[in-house]
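Reading through the structure tokens given below for one structure.
When a ligand or atom number is given, it counts from 1 through the structure's own listing order. One-based numbering along the sequence shown.
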Amino acid sequence: MKIIKCLFCSKPTSINKINIKKKINGKVVTLTNAPVYYCEKCKETFISKEAQDVLIAIREKNLDKKNVLFNYEDLKKL
Ligand SMILES: [Zn+2]
């Protein structure tokens with residue numbers, strides 16, 4: 001993953017691993033260990049393209065029908 005700049009202050013962000021909760025098809029799905037960008041100065045978190053892609057894959061493949069808890073590491077190759 002490449003480092004991006006903060007959308008607010010333009011300082012380089014760091015990569016954090018967090019649990020993302022997202023509503024998909026009306027259900028709250030949790031993606032654990034998902035990489036996000038974090039700006040220490042602004043205390044802002046930005047979802048990464050990689051994590052976003054996994055959330056889109058969960059929705060498109062209807063994986064939420066079977067499960068609502070996913071680990072990013074298991075799904076990133078989808
Ligand atoms: Zn910032």
Under 3.5 Å, which donor-acceptor pairs link side chains of residues 34-56 to any protein atom two or more places apart or in another chain?
| from | atom 1 | to | atom 2 | distance (Å) |
| --- | --- | --- | --- | --- |
| Y37 | OH | K2 | O | 2.9 |
| K43 | NZ | E40 | O | 3.2 |
| S48 | OG | P35 | O | 2.6 |
| S48 | OG | A51 | N | 3.1 |
| K49 | NZ | D53 | OD1 | 3.2 |
| K49 | NZ | D53 | OD2 | 2.9 |

What side-chain donor-acceptor pairs closer than 3.5 Å can you find for residues 6-16, not counting sequence neighbours?
| from | atom 1 | to | atom 2 | distance (Å) |
| --- | --- | --- | --- | --- |
| T13 | OG1 | I4 | O | 2.7 |

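Of all heavy-atom pairs between I58 and F70, the closest is CD1-CD1, 3.7 Å. Nearest heavy-atom pair across L69 and T32 is CD1-CG2, 3.8 Å. Contact between I24 and D64 at its shortest, heavy atoms only, is O-OD2, 4.0 Å.
Not a single side chain to side chain donor-acceptor pair (under 3.5 Å) links N19 to another residue, sequence neighbours left out.
Around the Zn ion (ligand 1), the protein atoms of type N, O or S that sit closer than 2.8 Å are C6 SG, C9 SG, C39 SG, C42 SG.
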